[in-house]
Every structure is written in C-alpha cells, then in structure tokens.
Amino acid sequence: MAQAKIQAKMNEATCSKFSRTLSMADRSGQLLESLDQLEMRVEALREAASAMEQERECILEMIQSLQNSQEMRNICAGEREELNLTADRLMGRTLSVEISVGTIRNPQQEDALHKATSIIDEIVKKLLDDMYGGRQRLMALHAACVSEAPAVPIDQKFQAIVISCALEDQKKIKRRLETLLRNVENAEKNIKIMDHQKLEAGTKMLTGGQRGRM
C-alpha cells in the first residue's frame, strides 16, 4: 500500500515536471517569435530611415542644381535674388532635418571605409584643377562599385577596398560617387554654356565694331 502511494507520488512529480517543461518551451517559443517580429520592424525602421536620408541628400542636390542652373542666370537680378532667398530657406529647412543610421563595423571594415573615403576626398580636392581627369577617376571608382559590366576601366585597388567595407557603407560610397559625377557633369555643362556665351558676345562686339567702321 505504502509502495503504491510512493509510486503514485513519483508519477505525479514526473508529470508535473514534464508539464512545466512544455510550458517553458511554449513561453520560449512565444518570446522568440516576438523577437523575430521586432527584428523585422527594426530592419523596416532602418530601411525607412535610410530612404529618408537618401531623400534628404536628393533634395539638397536638387536645390543646389537649381541655384547653379543656366535658367537661374537667364532671369533678371531681382527675380534671381528672390528665388535664391527661397532656395536658401528650403536648404536651411532641409538641413535642419537630421537623420542618422549607424553602421556596426569591425576594425577591418572601419579601416576599409577610412581608406575609401580618403581616396574620394583626394580626388575631390583636385577637381577644380583638373575636372576632366577627376571625372575619369571618379568614373573608374564608380565602376568598382557596380555589379554590371561597366563601360570604363575599373579601379581594382579601390574595388578591393570597397568589398572590405560593410554592406551599408558600400551603398553609401556608391551613392556619393554618383552624386559627385552628376555635379561634375553639371559643372562642365555650365562651363561650356558660359564659354559659348562669351564667344557669342565677342562675336557681336566684333561685328558691331566692323559695322561702325563701315
């Protein structure tokens, strides 16, 4: 009789322990599921913030492009001043929006990012002295950042550095190079337009002088 009671108690204890184990497993599963959902939301948040960061850069670039455009030069001084004031106001409001998406990097990725940034900065410093040569260098760097076969030579050394960067940094490096190339292209167009206008003005003055002598 006593033995039967002892056995019954042992069975109860075993069942109780087994039930608690199942309950803990269920709770662990629910917590893991919650964390998985939170991870998806964190990634969505980072993607949204990154998109906003890109939109901010795009707006700033468009404002600067508009201020330096030929259309802005072709209007009268009064209207140009008024439009520039509006553009400056929009620039200020855009700059007041601060967005920062941090990137977790290991020491190797930190070093690679520093090297890539230094190479680009060095080219930017020399752009005014040699815009054509600088543009060719930027195109070679950009070619090192794209997956499709580029139409220009690839800077192999820069490509190896970029590959060593964190994925988010790789995207930012590529975007920066694309922005620089657009700015250089716009600057070259403006220089050609200004040279053409000087040539036309010189031709008119020469023609007018010849008519005056006649």
Side-chain angles (χ1 to χ4, degrees), residues 1-63 90-121 124 138-151 154-183:
M1 186 75 176
Q3 185 66 30
K5 287 184 178 180
I6 292 172
Q7 188 63 41
K9 287 290 184 182
M10 289 176 65
N11 291 337
E12 288 177 7
T14 302
C15 290
S16 177
K17 182 179 180 182
F18 187 64
S19 297
R20 284 199 301 273
T21 303
L22 281 177
S23 179
M24 289 173 64
D26 289 341
R27 286 198 295 270
S28 177
Q30 290 174 355
L31 290 170
L32 182 60
E33 185 178 350
S34 296
L35 288 173
D36 287 341
Q37 292 175 353
L38 284 170
E39 184 174 15
M40 292 173 62
R41 291 178 64 180
V42 168
E43 288 306 311
L45 174 65
R46 289 179 63 85
E47 288 178 6
S50 180
M52 290 176 65
E53 191 176 40
Q54 293 179 47
E55 176 66 7
R56 179 180 182 271
E57 293 173 2
C58 182
I59 290 173
L60 290 172
E61 184 181 347
M62 290 176 68
I63 294 172
L90 292 175
M91 180 80 75
R93 286 176 60 81
T94 306
L95 289 171
S96 69
V97 179
E98 296 182 359
I99 306 163
S100 177
V101 182
T103 302
I104 300 173
R105 309 179 185 93
N106 59 36
Q108 181 186 7
Q109 291 170 334
E110 287 277 5
D111 184 56
L113 177 62
H114 175 71
K115 288 179 179 177
T117 303
S118 297
I119 290 172
I120 298 173
D121 289 344
V124 170
L138 289 174
M139 289 174 67
L141 298 189
H142 181 262
C145 300
V146 297
S147 55
E148 62 272 10
I154 299 174
D155 188 315
Q156 302 286 349
K157 181 181 177 182
F158 186 76
Q159 187 178 54
I161 294 173
V162 172
I163 291 173
S164 299
C165 292
L167 182 60
E168 291 179 355
D169 289 330
Q170 293 179 25
K171 294 177 181 178
K172 288 181 179 180
I173 290 170
K174 180 184 175 184
R175 288 204 307 271
R176 184 187 178 193
L177 290 169
E178 289 171 347
T179 300
L180 286 171
L181 283 169
R182 283 195 299 270
N183 289 341

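In this chain, residues are counted from 1 in sequence order.
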Next item on the list: Could you walk me through whether K172 and L113 pass side chain to side chain contact (heavy atoms under 4.5 Å, CB included), step by step?
Entry: CA-CA 10 Å; K172 288 181 179 180; L113 177 62; over 6 Å; no
Notebook entry, point to check: Closest approach of L90 and T94, non-hydrogen atoms and distance?
Noted result: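 Heavy atoms only, the tightest pair is O-OG1, 2.7 Å.
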Notebook entry, point to check: Can you name the nearest heavy-atom pair linking I99 to A49, along with the distance?
Noted result: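 In terms of heavy atoms, the two residues are closest at CG2-O, 3.5 Å.
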With a 4.5 Å cut-off on side-chain heavy atoms, are [Y] and [X] touching?
{"X": "N183", "Y": "E61", "answer": "yes"}
{"X": "F158", "Y": "I173", "answer": "yes"}
{"X": "K171", "Y": "K174", "answer": "no"}

Gap between atom [atom2] of [Y] and atom [atom1] of [X] - 0.5 Å precision:
{"X": "M139", "Y": "L180", "atom1": "CE", "atom2": "CG", "answer": "13.5 Å"}
{"X": "R175", "Y": "T179", "atom1": "CZ", "atom2": "OG1", "answer": "8.0 Å"}
{"X": "I154", "Y": "L141", "atom1": "CD1", "atom2": "CG", "answer": "11.5 Å"}
{"X": "I120", "Y": "R176", "atom1": "CD1", "atom2": "CZ", "answer": "5.0 Å"}
{"X": "E57", "Y": "E55", "atom1": "CD", "atom2": "CD", "answer": "10.5 Å"}
{"X": "H114", "Y": "I119", "atom1": "NE2", "atom2": "CD1", "answer": "10.0 Å"}

Next item on the list: Only pairs at least two apart or in different chains count here, so list each salt bridge (Lys or Arg N to Asp or Glu O under 4.0 Å) that has a residue in residues 39-51.
Entry: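 Residue pairs with at least one partner in residues 39-51: R46-E168.
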Margin query: With salt bridge (Lys or Arg N to Asp or Glu O under 4.0 Å) as the rule and sequence neighbours excluded, what pairs involving residues 91-120 come up?
Written below: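 Found R105-E110, R105-D169, D111-K115.
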Item checked: Test side chain to side chain contact (heavy atoms under 4.5 Å, CB included) applied to M40 and D36, step by step -> CA-CA 6 Å; M40 292 173 62; D36 287 341; 5.7 Å; no
Checklist line | Derivation and outcome, side chain to side chain contact (heavy atoms under 4.5 Å, CB included), residues Q170 and C165 | finding: CA-CA 6 Å; Q170 293 179 25; C165 292; 4.0 Å; yes
Margin query: Any side-chain to backbone donor/acceptor pair from R56 onto V97? Under 3.5 Å, distance only.
Written below: yes
Item checked: I104 atom CD1, over 12 foreign heavy atoms within 6.0 Å -> no
Item checked: Test side chain to side chain contact (heavy atoms under 4.5 Å, CB included) applied to N106 and Q109, step by step -> CA-CA 5 Å; N106 59 36; Q109 291 170 334; 3.2 Å; yes
